[in-house]
Amino acid sequence: MTWRATVLTLFPAMFPGPLSQSLAGRALEQGVWSLDAQDLRAHGLGRHRNVDDTPFGGGAGMVMRPEVVDAALAAADDGRPSVALTPRGAPLTQARVRDLAAGPGVVLLCGRYEGFDQRALDARGVEEISIGDYVLSGGEPAALVLLDACIRLLPGVMGAAESAEEESFSAGLLEYPHYTRPAEWAGRAVPEVLLSGHHAEITAWRRAEAERVTRERRPDLWLAHQSAIPRAPVVTRAVRP
Ligand code: SAH
């Protein structure tokens, strides 16, 4: 079944953009996923198809009007989750990406200017997602990021199934470092254990490296990882029913 992406945007020509290349591009050609980029301006108001207005309460910039956003969401609504890309949203995680990829697809709403009138999002219970703590000029690059992350998880898109299982974030840890030939380069040798052919030792080394790099670089992930480890049940004696 085709995973369906609808993007509501003032700049539909930005799509599929980079997603027409490589893994995502091939999958798009093969019909693993489909893309429908809809121009928000089609729902604009009046002769000039206005989509925005000045903010109540004053301040710089323009706000996207609720009727315009609502009409676009209504036209796309078929039970797929709707997501607005906003810096105020919940940070995007691999867990959310996995859930979205496992569903029928997604409707993505891209903002411009100062963003959306909040009522349009609240009225339809639209989920708000941010791709990080920085501000883009529009939601389109954020939508491309979210789509890329989902598409690579769709069945048949990545070569080896296990390449998604061991990578960063899947176990709440960053990934261990990779090395390839030559075994020595510019005076730097590949860690000895990787050349040993000893699979159990390699697995243990990779695990230790993943833990070390997570502890050093991402104390936040490390803390979450540690509190998620289930405690081994303490069995004192067998209990008869
Ligand atoms: N005034 C807003 C920023 C608007 S940026 C604020 O301070 O919160 C314009 C649009 O870019 C937003 O409506 C949103 O769709 C998109 N955008 C900007 N940064 C983003 C981020 N980190 N994640 C997702 N979307 C973002």
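Sequence positions, counted from 1, serve as the residue numbers for this chain. Both ligands and their constituent atoms are indexed starting at 1 by order of listing.
Using a 4.0 Å cut-off between a side-chain N of Lys or Arg and a carboxylate O of Asp or Glu, Arg212 and Glu209 qualify as a salt bridge. A salt bridge is defined here as a Lys NZ or Arg NE, NH1 or NH2 lying under 4.0 Å from an Asp or Glu carboxylate O, and Glu167 with Arg152 meets this definition. Here Arg4 pairs with Asp78 in a salt bridge; the nearest charged N to carboxylate O distance falls below 4.0 Å. Ion pair Asp39/Arg41 not flagged as a salt bridge, since none of the NZ, NE, NH1 or NH2 atoms sits closer than 4.0 Å to an Asp/Glu carboxylate oxygen. Remark: Glu184 does not engage Arg188 in a salt bridge, criterion side-chain N to carboxylate O under 4.0 Å.
Not one N or O of Phe116 is nearer than 3.5 Å to an N or O of ligand 1, by distance alone. Between Gly132 and ligand 1, a contact under 3.5 Å exists for at least one N or O pair.
Ranking the protein heavy atoms by distance from atom 6 (C) of ligand 1 puts Pro87 CG, 4.0 Å first. Taking atom 4 (C) of ligand 1 as the reference point, the nearest protein heavy-atom neighbour is Tyr113 O, 3.5 Å. In terms of protein heavy-atom proximity, atom 10 (C) of ligand 1 is closest to Gly111 O, 3.5 Å. From the protein, the heavy atom lying nearest to atom 15 (O) of ligand 1 is Leu85 O, 2.6 Å. The single protein non-hydrogen atom nearest to atom 19 (N) of ligand 1 is Leu136 N, 3.0 Å, given as residue, atom name and distance. Summary of contacts: the protein heavy atom closest to atom 23 (N) of ligand 1 is Ile131 N, 3.1 Å. Atom 1 (N) of ligand 1 has as its closest protein heavy atom Glu114 OE1, 2.8 Å.
Atoms of ligand 1 lying under 4.0 Å from at least one heavy atom of Ala142, given by number and element, are 24 (C), 25 (N). The atoms of ligand 1 that sit less than 4.0 Å from any heavy atom of Val135 are 3 (C), 5 (S), 19 (N). Shown in contact with Tyr134 at under 4.0 Å from a heavy atom are these atoms of ligand 1, numbered in order with element: 19 (N), 21 (C), 22 (N). Of all atoms in ligand 1, numbered sequentially from 1 with element shown, those under 4.0 Å from a heavy atom of Gly115 are 13 (O).
A donor-acceptor pair under 3.5 Å is absent between the side-chain atoms of Ser20 and the main chain of Pro16, judged by distance alone. Under a 3.5 Å cut-off, the side chain of Thr86 and the backbone N or O of Arg88 do form a donor-acceptor pair.
The shell of residues lying under 4.0 angstrom from ligand 1, judged by heavy atoms, includes Ser137.
When only modelled atom types and interatomic distance are considered, Glu128 and Gln118 share a side-chain donor-acceptor pair under 3.5 Å. No side-chain donor from either of Ser82 and Arg124 sits under 3.5 Å from a side-chain acceptor of the other.
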